[in-house]
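Worksheet for the structure shown next.
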Amino acid sequence: MLVTLEGLDGSGKTTVWEALHDVYPDAVFTREPTSDSWYGDAVNRAIGDDDADPLATLFLFTADHADHLSRVVRPALAEGDLVISDRYSDSRYAYQAASLRDSDLTRPMEYIMGIHSAFSRPPDKTIYLDVDPETAAARSGSTNKFEQAAYLADVRANYERLIDAEPERFVRVDATQPPEDVLDAVESALEEILDAN
Ligand SMILES: Nc1ncnc2c1ncn2[C@@H]1O[C@H](COP(=O)(O)OP(=O)(O)OP(=O)(O)O)[C@@H](O)[C@H]1O
Ligand SMILES: Cc1cn([C@H]2C[C@H](O)[C@@H](COP(=O)(O)O)O2)c(=O)[nH]c1=O
């Protein structure tokens, strides 16, 4: 089963993902962008480059996803493992659709989803850590072009579109709560998800 953690920068995904290692020691913990491949390195260069072309950036993230799928996610799922990914395809639908909002693409999110539908493996469940853009930007430190409140407001609106389209896949958690309460809520959600499967 593939469970993903999604949310704005600073929503607390990594904090939760790290804490879950102790709760599910047999699960495969992974993340996007990947941190152990040259595809992930290329993505990180694009994140740090204010002039990076948004369409080229989409394809870098998508290449990293393809590598992540074939090298980590599909083999783990084939073994019957629980896979918990800190960010996954919804990050592309939310972030790159926001970056391409003023491009020549008429429906950026649909375009990005179309690319993924040809090869990706959708998540079974997604836990969405919901936080307002101002808190997200403040917590993340606003250190790059993505960690800006105005941009994150667009990203958040895109996540809401994704949730509206597939309400049964998403579990929303209020990420403005103290970290221990966020973790409790995520642990309960995961328990329920795994019990139902
Ligand atoms: N519930 C919370 N309340 C207050 N601060 C939090 C909470 N969760 C995480 N933080 C703090 O916010 C910062 C960002 O947390 P974290 O790295 O887990 O977020 P993230 O969603 O993984 O961000 P990114 O997507 O940018 O990597 C850290 O300093 C962390 O300690
Ligand atoms: C997977 C993915 C990520 N991003 C953005 C979101 C963050 O601002 C950075 C890096 O992610 P991290 O969780 O802070 O390490 O990249 C994106 O725009 N598109 C994606 O597909």
Side-chain angles (χ1 to χ4, degrees), residues 2 4-21 29-37 39-50 52-69 72-73 84-101 103 108-109 111-113 115-116 119-120 122-123 126-156 158-159 162 172-187:
L2 173 59
T4 60
L5 297 173
E6 291 283 355
L8 303 184
D9 292 86
S11 56
K13 295 175 309 304
T14 307
T15 304
V16 163
W17 179 82
E18 278 170 0
L20 289 175
H21 283 63
F29 286 88
T30 188
R31 69 186 307 271
E32 291 187 11
T34 60
S35 50
D36 54 355
S37 79
Y39 304 99
D41 294 344
V43 164
N44 281 315
R45 279 188 66 177
I47 293 171
D49 179 358
D50 287 347
D53 179 81
L55 193 55
T57 302
L58 163 66
F59 289 119
L60 290 176
F61 273 114
T62 306
D64 188 43
H65 178 64
D67 170 67
H68 184 217
L69 264 176
V72 180
V73 177
I84 301 179
S85 187
D86 178 356
R87 292 197 185 281
Y88 193 72
S89 45
D90 291 308
S91 284
R92 231 110 48 240
Y93 308 152
Y95 280 75
Q96 273 60 59
S99 300
L100 290 163
R101 195 180 70 162
S103 71
M109 190 189 288
Y111 174 74
I112 299 164
M113 291 174 106
I115 294 170
H116 281 69
F119 75 96
S120 190
T126 298
I127 299 177
Y128 175 62
L129 300 192
D130 190 14
V131 72
D132 57 276
E134 290 74 22
T135 304
R139 280 196 202 157
S140 63
S142 296
T143 58
N144 63 41
K145 62 191 172 193
F146 292 145
E147 296 172 349
Q148 308 299 324
Y151 175 76
L152 291 174
D154 284 352
V155 174
R156 193 187 199 204
N158 287 338
Y159 273 123
L162 294 166
R172 186 193 299 269
V173 167
D174 175 2
T176 62
Q177 304 175 87
E180 54 279 12
D181 293 350
V182 175
L183 182 59
D184 280 351
V186 172
E187 282 185 26

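One-based numbering, in listed order, for ligands and for the atoms of each.
The shortest N or O to N or O distance between Glu32 and ligand 2 is not below 3.5 Å. Residue-to-ligand polar distances keep Tyr88 apart from ligand 2: every N/O pair is separated by 3.5 Å or more. Below 3.5 Å of separation, one finds an N or O of Gln96 facing an N or O of ligand 2. For ligand 2, the polar-atom distance check against Arg31 finds a nitrogen or oxygen pair separated by under 3.5 Å.
For atom 2 (C) of ligand 2, the nearest non-hydrogen atom of the protein is Phe61 CE2, 3.3 Å. Looking only at protein heavy atoms, the nearest one to atom 13 (C) of ligand 1 is Arg139 O, 3.8 Å. Summary of contacts: the protein heavy atom closest to atom 14 (C) of ligand 1 is Gly10 CA, 3.9 Å. Protein heavy atom at the shortest distance from atom 13 (O) of ligand 2 is Arg87 NE, 2.8 Å. In terms of protein heavy-atom proximity, atom 21 (O) of ligand 1 is closest to Lys13 NZ, 2.5 Å. Protein heavy atom in closest approach to atom 19 (O) of ligand 1: Gly12 N, 3.2 Å.
Remark: ligand 2 atoms within the under-4.0 Å shell around heavy atoms of Asp9 are 7 (C), 8 (O), 14 (O).
Heavy atoms of Ile47 found under 4.0 angstrom from ligand 2 belong exclusively to the side chain. Residue Leu8 touches ligand 1 through its backbone alone, judged by heavy-atom distances below 4.0 Å. If you look at Gln177 next to ligand 1, the close heavy atoms, those under 4.0 Å, all belong to the backbone. Contact annotation: for Thr15 versus ligand 1, heavy atoms closer than 4.0 Å belong to both the backbone and the side chain.
Among Arg92, Glu147, Glu6, Lys13, the residue whose heavy atom lies closest to atom 21 (O) of ligand 2 is Arg92.
In summary, Arg156 and Asp132 do not engage in a salt bridge, as defined by a charged side-chain N under 4.0 Å from a carboxylate O.
A ring-centre distance under 6.0 Å is found for His65 and Phe119.
In this structure, a donor-acceptor pair under 3.5 Å is present between the side chains of Tyr95 and Asp9.
Listed for the Arg87 side chain is a donor-acceptor partner under 3.5 Å among the backbone atoms of Gly7.
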